[in-house]
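All remarks here apply to the structure that follows.
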Amino acid sequence: MSLIINESNGPAGIVALELHGALDSDNSPLLEKYLSSAITSSVYMVAFNMAGVTFVSSAGLRVIFKTVKEMKSRGGQVSVTRLRPGVRKVFDIVKVLPDLTVFASQAEMDEYLEAIQRREQN
Amino acid sequence: MKITIRPSDTTASILERLWPGSVSKDPDSEWFIKCCTIIDEIHANLRDHVAPLFPDFACSLSVAVSGGGITLQFQYPGPRFDPTNQPDINIRPIENRGVGGLGLLIVSQLCDRMDYAHDKGLNTLTLYLKVTGEFRKI
């Protein structure tokens, strides 16, 4: 049950990742390492598509928290979409959802990202 | 069912021994996802904090199904540390949140009962989860 990270070719300044697998204590360092190189100084948003995440533990949440802190410190944001019920339950327990922009569907997220991109271009 | 967990085990390998193929067959079963999360939390805690104290650390994990629920019992050597009696952690706001204590918070919220005992250097942590959905045979 490894973690697969697929990065979409999105607008500049946005890191959009599709995650597949378990965000557990074994796999989370992989995501942390990926993000540390993907989040450059020009990035203002990190978007996680969580549809493929089977479960998340505190190790995975720490990576999410670290990303949220980093993005907030530069006025950016972190979004998540398509949380499975079991993953959402853990997000609810640690009360992280207010710090995230949450989308129910990928289409909703895409629309939001496009709006942000238009705003940035203007 | 009873298995032995060692620090070198991955959570995936533990789950595969307990419920072969379940991750791909039954990814949204509530009880299963809770068990996956709890096992990863406890395993990671033991690996990071207890195993370094012993050259050949091992933990036994028993899984039993009865009375509409599932019981996970971890037994491991080590000093007394009662996870049922830990102070509340400050989880808001995120900027001020520390990194410790989240795992135990998650475990305590996912299970319906958590018991702890320490006797002659052996810790016994027993977690009980009610199962409301259909229970696939373990």
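Numbered from 1 within each chain, the chains take letters A, B, ... in sequence-line order. These values consider heavy atoms only, across backbone and side chains, with no hydrogens, waters or symmetry-generated copies.
- In the hydrophobic clustering of this structure, A:V15 does not group with A:I4; members are Ile, Leu, Val, Met, Phe, Trp, Tyr whose side-chain heavy atoms approach within less than 4.5 Å, directly or through other members.
- Taking hydrophobic clusters as Ile, Leu, Val, Met, Phe, Trp and Tyr residues chained together by side-chain heavy-atom distances below 4.5 Å, B:L104 does not share a cluster with B:Y128.
- Counting heavy-atom neighbours within 6.0 Å of B:R47 CZ, excluding the residue itself, gives a total above 12.
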task = Report the C-alpha separation of B:F32 and A:T54 in whole Å, then their side-chain angles, then the decisive distance to 0.1 Å, and conclude whether the side chain to side chain contact (heavy atoms under 4.5 Å, CB included) test is met.
result = CA-CA 10 Å; B:F32 178 66; A:T54 50; over 6 Å; no

task = For side chain to side chain contact (heavy atoms under 4.5 Å, CB included), just list the numbers for A:L61 and B:I106, CA-CA rounded to whole Å, side-chain angles, deciding distance to a tenth of an Å, and then say yes or no.
result = CA-CA 11 Å; A:L61 288 169; B:I106 292 168; 3.5 Å; yes

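- To the nearest 0.5 Å, atom CG of residue B:N45 and atom OG of residue A:S57 are 10.0 Å apart.
- With hydrophobic clusters built from ILVMFWY side chains whose heavy atoms lie under 4.5 angstrom apart, B:F81 does not share a cluster with B:L127.
- B:E41 places a side-chain N or O within 3.5 Å of a backbone atom of A:S58 that can act as its donor or acceptor partner.
- Within 6.0 Å of CZ on B:R113 lie no more than 12 heavy atoms contributed by other residues, nucleotides or ligands.
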Intermediate values then yes/no, side chain to side chain contact (heavy atoms under 4.5 Å, CB included), A:I93 and B:L110 = CA-CA 9 Å; A:I93 289 171; B:L110 291 182; 3.8 Å; yes

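- Atoms CD1 and CG, on B:I39 and A:D24 in that order, are 11.5 Å from each other to the nearest 0.5 Å.
- The hydrophobic cluster containing B:L122 does not contain B:L46, counting ILVMFWY residues as joined when their side-chain heavy atoms lie under 4.5 angstrom apart, directly or transitively.
- The CG atom of A:D26 sits 4.5 Å away from atom OG1 of B:T11, with the distance rounded to the nearest 0.5 Å.
- Residue A:E111 qualifies as open at atom CD: its count of foreign heavy atoms under 6.0 Å is 12 or below.
- A:L17 and A:L83 end up in the same hydrophobic cluster when Ile, Leu, Val, Met, Phe, Trp and Tyr side chains are linked at under 4.5 Å.
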Stepwise side chain to side chain donor-acceptor pair (under 3.5 Å) check, A:S25 with B:D40 = CA-CA 7 Å; A:S25 60; B:D40 185 58; 2.7 Å; yes

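- Atom-to-atom distance recorded for A:R84:CZ and B:I33:CD1 is 7.0 Å, nearest 0.5 angstrom.
- Neither the backbone nor the side chain of A:K66 comes within contact range of chain B; no heavy atoms are under 4.5 Å apart.
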key: B:L15 vs A:F55, side chain to side chain contact (heavy atoms under 4.5 Å, CB included): CA-CA, chis, key distance, verdict   = CA-CA 12 Å; B:L15 297 174; A:F55 72 93; 4.1 Å; yes

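- Interatomic distance, B:L105 CG to A:K95 NZ, rounded to the nearest 0.5 Å: 7.5 Å.
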